[in-house]
Amino acid sequence: MTYALATDEGMSEHTRPPDSSPPRVDEWFDEALPRIYGYFITRVGGQQTVAEDLTQETLLAAVRSSTGPDDPGPILPWLYGIARHKLMDHYRQQDRESRFAGRPLPDHDAHADALSLPDPDLESFPARHDIIETLAALHPRHRSMIVLRYLDDCDMDTIARSLFISTSAANSLLSRARNAFRAEYQRRNGGQ
Amino acid sequence: MTNPTPLHHDNDMRQFTGHFDASVVPSPDFAEKLRARLEREQSEIRRTNERDEPLRPPVAMKAIDTHASPATTASAASYASEPNTRFGWAWISAALLVIGLLAGSLWWNLTDRGTDNTPPPSRYAAQVVDPSATPTVLEARALANAPVNMLVTRIENDVAYGFAPSPDDASSGLVVAYSLADEKLLWERPESEFGTVGNIQTDGSTLIAIQWSTTASDGNGPAVSNGSEPISVVALDAATGKTLWQSDPIINDRQPDEGVWIEPSEPAFIGDTVYVGTSDGQVNAFEIRTGERIDTPGLTPPDGVGESLFVQSDGMKLFAAFQDGAIWTLDPSQDTEWQAVATTNAGQDEFRVRLFEQEGVLISVSFGTADSTTSMPSAVRAYDSKTLELLWERDVSAAWQNITATDTTIASSDNYGWSESRPWYLRWLPGGEGDAFSQTAVEAADLRTGDTIFSYQVGTEGDATGNWIPAAAIDGGICYEMEKVISCDIPPDITYQVAGIELPADEYAHAPMVSWDGDVLVSTSEGLYLIDLP
């Protein structure tokens, strides 16, 4: 019985232990760690300590799982699933803190119709860096919506469940989150 | 109907997909420490499992056969009684000894402390599935001239009132009235005139919409600085779609306490007044024909609660609930302040309460997220609307937010899993204790007693994600659910089905369903479909 370490072409496969327990750490750690860490670092504004904490929480949860991924399911999507929940928990915690602290967020006066992103070269570091910083500046509710929809490519039902809101509320929030993102992005880039 | 051009530049955000998942190598020091900790943790778990294995024989989890008769449906007890031939006599003896000790301990607990440690009976052990109750030959017919991807919130006099809340699709922001009898669009209010719609409700003659403004109250553009945008209440003539009145913003873009997220509730009607609550505790009341504001007492939100004031009415009284679980009631004709009448599930961290009034029964569904990474234990409670006496309560999963009801029955989808042969309510994440497998079922219960009428498993075991059921319709005692089927391909192939009928839709489908005239109405991103039931 085998399972794939990742869905990507060229990633290795491993024989699953006969007792159906979760796979051994040394079988997946080296390949999974940079993937999971890379997932977090782009979604927490490049904050290394936060990304490390979330990576550790994710992999610990995987090790403590009693079952592992569905046999013969690939392990990396399973780890990404855990990672996404850890990330949403992190955003919710930030959201709760913002309610008490009243963290002000960047202001802007742009009109929605004028808000359209330029075509950033996402292969280039500066453009990616801009976007990561823009995400970090958003309200946690907006950020979680953009991450789930456009970085993780989740469908709206999944997003609604993840944020504990109705699908209609999620759709409405998505529209506003996009406006917030574009406004913040344009503000950081001189209104281009 | 001609769909307008999308206005919200969804495509320019689409370019992000797949560009933020590259490998990033963390510091070697962090990697080594984490590896060591994980290996230590796993070794400890394996040692513990090996030590405990004789006492916890691996249990082969079985799917519940949706077509099985009640008598053949697998039960929790049958799972636990699976024979395991790997054990030798020595292990069996040891197991019996320890089981004896455990039994003694259990007896002591039950007798001396008066507590009941018996595992709760599984609600899923007794499945009542009557295949004949679900017609096997059905056809879905696309209705002519119909809008797509609509949330149909009300059908009055064969007119469906709906809206498209998402700017992801071409019909974004539309509010429409569609005649089901004539298959004719009666009127529509496009987004360019109307803005983003948060919700609509109608009493049959006036349609009340919650409008998220595209411009701030000071005219300087959309307000996204603190997460709250200006929100107004708009009244339309249900017959023509023309605006009757529009309120001043009930939520302004510049809240005194920046950073607090404030959202409106659904509109609730009592007589000629419509009520819309906001999560800062305001209850806004308007005369439904003129828009004249009516003074109504507000509520003080609990500390740290910045959202989810849910307001409902039974036509006489208002009911409201915050996230802290307290339920309040107000009779606007005689009360000068809200009365606290019940508390649901208080004490759990971060949860929401949804209220739902149906035929004299007030249903509260509280969503607990105390252990949000793996489980989402929730509860549904039913109160007599007049006396607020608790009629019944039961544990459910958070999927019950999709509750629907008739005069006698409530129904919902429910996600659950098993742990040690006991039900364990899940969201959808595999990866925590108790995730032996997860599953989605359609459940129906008696509105007044809570007794289970049926529990019908849908989809494939272990894949609750693929079987999320966004809406339900009950007709003639049968509950119809939209099933979202996701293949294991990458990218996944997503289809929507009702009673085995595949409906054209893409991933943006809102998939709302309502009952109409003995049939089921389903709106997808491709059209509006009517399923003629025998």
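Order of the sequence lines sets the chain letters (A, B, ...), proteins ahead of strands, with each chain counted from 1.
For chain B, the nearby parts of A/L151 are the backbone and the side chain; heavy atoms of each come within less than 4.5 Å. For a residue to count as touching a neighbouring chain, one of its non-hydrogen atoms must lie under 4.5 Å from one of that chain's; by this rule A/Q48 touches chain B with the side chain only. Proximity to chain B (any heavy atom under 4.5 Å) is restricted, for A/Y80, to the side chain, taken from C-beta onward. Heavy atoms of A/I146 lying under 4.5 Å from chain B belong exclusively to its side chain.
Counting all heavy atoms, side chain and backbone alike, A/P34 lies closest to B/P26 at CA-CD, 4.4 Å. Nearest heavy-atom pair across B/L34 and A/F29 is CG-CE1, 4.0 Å.
A salt bridge does not link A/D26 with B/R35: none of the charged nitrogens is closer than 4.0 Å to a carboxylate oxygen.
Rounding to the nearest 0.5 Å places CG of A/L60 at 4.5 Å from CZ of B/R37. For the atom pair CG (B/L38) and CG (A/L33), the distance works out to 9.0 Å, reported to the nearest 0.5 Å.
A donor-acceptor pair under 3.5 Å is formed between the side chain of B/Q42 and the backbone N or O of A/V25.
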